[in-house]
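Working notes, structure below.
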Amino acid sequence: MNKITGAEALMLSLKAEGVETIFGYPGGSIMPTYDALYDYTIGEKKSFEHILVRHEQAATHAAEGYARVSGRVGVTLVTSGPGVTNTLTGVADAMMDSTPIVVIAGQVATSVLGSDAFQEVDLVSVSQPITKWAYQIRRAEDIAWAVSRAFFIAKSGRPGPVVLDFTKNAQTQLFEYKPTKVDFIRSYIPSPELDMDAVRAAAQLINSAKKPMALVGQGVELGDAQNELKAFLEKADIPAGRTLMGLSALPSNHPLNMGMLGMHGSYAVNLKEQEADVLIAVGMRFSDRVTGNLERYAKQAKIIHLDIDPSEIDKNVKTTVAVVADCKISLPAITALLDEADHTEWKDSFIPLREKEIKNVITPATKPASGPLLMGEVAHYVAEATDNEAILVTDVGQNQLMSARYFKYHKSRSIATSGGLGTMGYGLPAAMGATYGAPGRTVCCFMGDGGLQMMIQEFGTIMEHQIPVKMILLNNNFLGNVRQWQDMFFHHKRSFTPMCNPDFGLVAKAYDIPYRRVEDRADLSAAINEMLTTKGPFLLEAIIKPDANVEPMTAPGQAVDEMMLNVEC
């Protein structure tokens, strides 16, 4: 066999994993790999598309966005030292939200490890707490095994991030490359075996329930179990609420879909959680933003928890029955034992509460008679203009909560947002990645003026590659969500939340990105139409009411049924 470098072996290993897109930024310790990458992106061996981001954190968020909408593993390639430490926010974000990405980072040569060499960081030690696996490649002979193992771990079971620390000598070493496929690790059980006793116990509880309710999380989409979920809900006639991360796991127009769970979720869903006699949690982790005060959460209900990760069982909420398995397997197993049910009276009890929210919150937020633009109406009309077919990517804050509430989801894998870590700056690069993960779909990215400026340099990436992201900036000249909490809980002391912003139109012009500013309601429809019909990227800046709040809301420390329809500050 002909000998090749470790860097080229990495290219062949990535190709064997079906990688098509890499988000990265070169530097000294990863330069041999970028030298090999040239031939595999521009040269005769072209296999990948490399997207040069403007900051390494953006590379991980772009890989996350790619993974979230495609169901594949996102890939990031960076250098050592500050290059890879810049990625760690994205790695932690991926860990919290179970997003499969592989970060490959250059490292100094093994001969100088531990000597505080230029741009040396003990990456494995730093990243272990926020990854599924972190490994240092010191020999070229280990590359094929390490890459295959990394992808297997990242995408199997409960997905998550993996970091590979690639020493410079391993990149340059010549050796005889042998392809390797890892699909089994003795100490790693990605999908526990289904316990039929637990399945029978779960089915028995559901069959005896008078007021069952399902809590649907992102695990349904991660397990590709959307059809299994619908069959389960429909047979037993179970109303369902969805977490923020699981919003597109069940179509918005499905008759059993009752809305979003959580602090800023749907009024009816949150109140009815406290009446249900059986709660069936599917692929969700009982986040504090869903449960509110745990001491007063669903004390009347039997809890059935379906999850692939045993560490989630009883972590926050004590379960009556735990079904630990892939929900694509556990859901149909339970469904087969369910009786055909009719819970019309229970479902109908949601209607008055939904109508109350529509009257008091939704209609005023989407169709105001006068006054400045509101976040809800902008999100509502963008969603309508896309026929509810677009992918929603959000940043973090009021823009996230309002756009998630007022978008509609007819297709699965239609939302990418930072849920667990709440990372400002996530939106723009994640939206870039989403366009590569779902190239045939419109990607709408909602951002606030604070979050956009954390990653505004990625306008350069968008300009260079003409990435067709439709960017909607909800500009209230505040760090809006923090301002809302300051008004509610800190006596209106708006400590360092007002924002002095640049002229975003001039910034967009500098990057040759089409732009329109709208502050008059009469111009909103035309502006949205211009954005959606313009080929390539577009920035729509909507000037919104500066002190508008996200409603409804459950205040911290309160029970979920103590939700406020209208926030009074």
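No side-chain donor-acceptor contact under 3.5 Å links Ser148 to the backbone of Trp145. Judged by distance alone, the side chain of Thr79 and the main-chain N or O of Ser29 form a donor-acceptor pair under 3.5 Å. Between the side chain of Arg72 and the backbone N or O of Tyr66, no donor-acceptor pair lies under 3.5 Å. Using a distance-only test at 3.5 Å, with no hydrogens or angles considered, no donor-acceptor pair links the side chain of Glu17 to the main chain of Ser13. Judged by distance alone, with hydrogens and angles left aside, the side-chain atoms of Arg441 form no donor-acceptor pair with the main-chain N or O of Thr435 at under 3.5 Å. Checking side-chain atoms of Asp314 against main-chain N and O of Thr319 turns up a donor-acceptor pair under 3.5 Å. Proximity of a side-chain donor or acceptor of Lys408 to a complementary backbone N or O of Ser252 within less than 3.5 Å is not detected. Judged by distance alone, the side chain of Tyr426 and the main-chain N or O of Gly65 form no donor-acceptor pair under 3.5 Å. Remark: side-chain polar atoms of Glu56 are not paired, donor with acceptor, to backbone N or O of Thr87 under 3.5 angstrom. Side-chain atoms of Thr417 do not come within 3.5 Å of backbone N or O of Gly419 as any donor-acceptor pair.
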Discussion item. Go through it in stages, so that I can follow the logic: the residues are Glu141 and Lys178, the test is side-chain contact (heavy atoms from CB on, under 4.5 Å), and I'd like the CA-CA distance, side-chain angles, deciding distance and then a yes or no.
Written reply: CA-CA 8 Å; Glu141 291 88 345; Lys178 295 180 181 179; over 6 Å; no

Fill in: Derivation and outcome, side-chain contact (heavy atoms from CB on, under 4.5 Å), residues Ile30 and Val78
CA-CA 7 Å; Ile30 199 65; Val78 295; over 6 Å; no

Practice prompt. Begin with the C-alpha distance, continue with both residues' side-chain angles, and end with the deciding distance and a verdict on ring pair (Phe, Tyr, Trp, His ring centres under 6.0 Å) for His61 and Phe23.
Written response: CA-CA 9 Å; His61 293 325; Phe23 304 94; over 10 Å; no

Practice prompt. Could you please spell out the steps behind the side chain to side chain donor-acceptor pair (under 3.5 Å) verdict for His50 and Tyr40?
Written response: CA-CA 9 Å; His50 178 272; Tyr40 284 83; over 6 Å; no

Fill in: Worked check of side chain to side chain donor-acceptor pair (under 3.5 Å) between Ser248 and Ser414
CA-CA 6 Å; Ser248 61; Ser414 288; 4.9 Å; no

Worksheet item: Yes or no on side-chain contact (heavy atoms from CB on, under 4.5 Å) for Thr41 and Tyr34, after CA distance, side-chain angles and deciding distance?
Response: CA-CA 10 Å; Thr41 53; Tyr34 266 89; over 6 Å; no

Worksheet item: What do the steps show when you test Val103 against Val162 for side-chain contact (heavy atoms from CB on, under 4.5 Å), and what is the final call?
Response: CA-CA 6 Å; Val103 175; Val162 170; over 6 Å; no

Practice prompt. Could you go through the ring pair (Phe, Tyr, Trp, His ring centres under 6.0 Å) check for Phe152 and Phe184 one step at a time?
Written response: CA-CA 8 Å; Phe152 175 62; Phe184 171 78; 8.3 Å; no

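Between the CD1 atom of Ile313 and the CZ atom of Phe286 there is a distance of 8.5 Å, given to the nearest 0.5 Å. One distance of note links CD of Glu193 with CG of Asp326; it measures 13.5 Å at 0.5 Å rounding. Atom CG in Leu331 sits 13.0 Å away from atom NZ in Lys230 (nearest 0.5 Å). Annotation: the span from Asn316 atom CG to Thr291 atom OG1 amounts to 6.5 Å, rounded to 0.5 Å. Taken from SG in Cys327 to CG in Leu194, the straight-line distance is 11.5 Å, to the nearest 0.5 Å. To the nearest 0.5 angstrom, Leu401 atom CG is 9.0 Å from Arg405 atom CZ.
Side-chain contact between Ile22 and Leu14: present, with at least one pair of heavy atoms (C-beta onward) separated by less than 4.5 Å. A 4.5 Å side-chain heavy-atom check between Val163 and Tyr135 finds every atom pair outside the cut-off. Contact annotation: the side chain of Phe504 approaches that of Leu452 to within less than 4.5 Å [non-hydrogen atoms, C-beta and beyond]. Pro514 has its side chain out of reach of Leu539: every pair of non-hydrogen atoms, C-beta onward, lies at least 4.5 Å apart. Two residues are said to be in side-chain contact when any heavy atoms from C-beta on lie closer than 4.5 Å; Leu215 and Leu261 meet this criterion. Taking the side chain as every heavy atom from C-beta outward, His55 and Asn86 approach each other to under 4.5 Å. Between Phe166 and Gln136 there is no side-chain heavy-atom pair separated by less than 4.5 Å. Using a 4.5 Å heavy-atom cutoff, the side chains of Arg149 and Tyr188 are not in contact.
Of all heavy-atom pairs spanning Val69 and Ala434, the tightest one is CG2-O, 3.6 Å. What you find for Thr89 and Leu421 is that their closest heavy atoms are O-CD2, 3.6 Å. Here the closest non-hydrogen pair linking Ala140 and Ala170 is CB-O, 3.6 Å. Considering all non-hydrogen atoms of both residues, Gly451 and Asp395 come closest at CA-OD2, 3.4 Å. The minimum heavy-atom distance linking Ala144 with Thr180 is given by the pair CB-OG1, 3.7 Å. Nearest heavy-atom pair, Leu247 versus Arg242, reported as atom, atom and distance to 0.1 Å: O-NH1, 2.5 Å.
Arg138 and Thr110 form no side-chain donor-acceptor contact under 3.5 Å, judged by distance and modelled atom types alone. For the residue pair Gln398 / Asn481, no side-chain donor-acceptor distance below 3.5 Å is found, with atom types taken as modelled. Ser418 and Asp93 share a donor-acceptor pair across their side chains, judged by distance under 3.5 Å alone. For Thr99 and Asp97, the side-chain atoms include no donor-acceptor pair closer than 3.5 Å. Gln107 and Ser80 share no donor-acceptor pair across their side chains, judged by distance under 3.5 Å alone. For the 3.5 Å distance criterion, the side chains of Glu458 and Thr461 qualify, holding a donor opposite an acceptor.
Taking the charged nitrogens against the carboxylate oxygens, Glu8 and Lys45 do have a contact shorter than 4.0 Å, which makes a salt bridge. Ion pairing of Arg54 with Glu464 is present here, as a side-chain N (NZ or NE/NH1/NH2) and a carboxylate O approach within less than 4.0 Å. For Arg158 and Glu312, the salt-bridge test passes: some basic side-chain N is under 4.0 Å from an acidic carboxylate O. Contact check on Lys328 versus Glu228 returns a salt bridge, with a Lys/Arg side-chain nitrogen under 4.0 Å from an Asp/Glu carboxylate oxygen.
Counting heavy atoms of neighbouring residues, nucleotides and ligands inside a 6.0 Å radius, atom NZ of Lys318 does not exceed 12 of them. No more than 12 heavy-atom neighbours from other residues, nucleotides or ligands sit within 6.0 angstrom of NZ on Lys509. Around CD1 of Ile189, the count of heavy atoms belonging to other residues, nucleotides or ligands within 6.0 Å does not exceed 12. No more than 12 heavy atoms of other residues, nucleotides or ligands sit less than 6.0 Å from atom CG of Asp512. Shown here is Tyr25, whose OH atom has no more than 12 heavy atoms of other residues, nucleotides or ligands within 6.0 Å.
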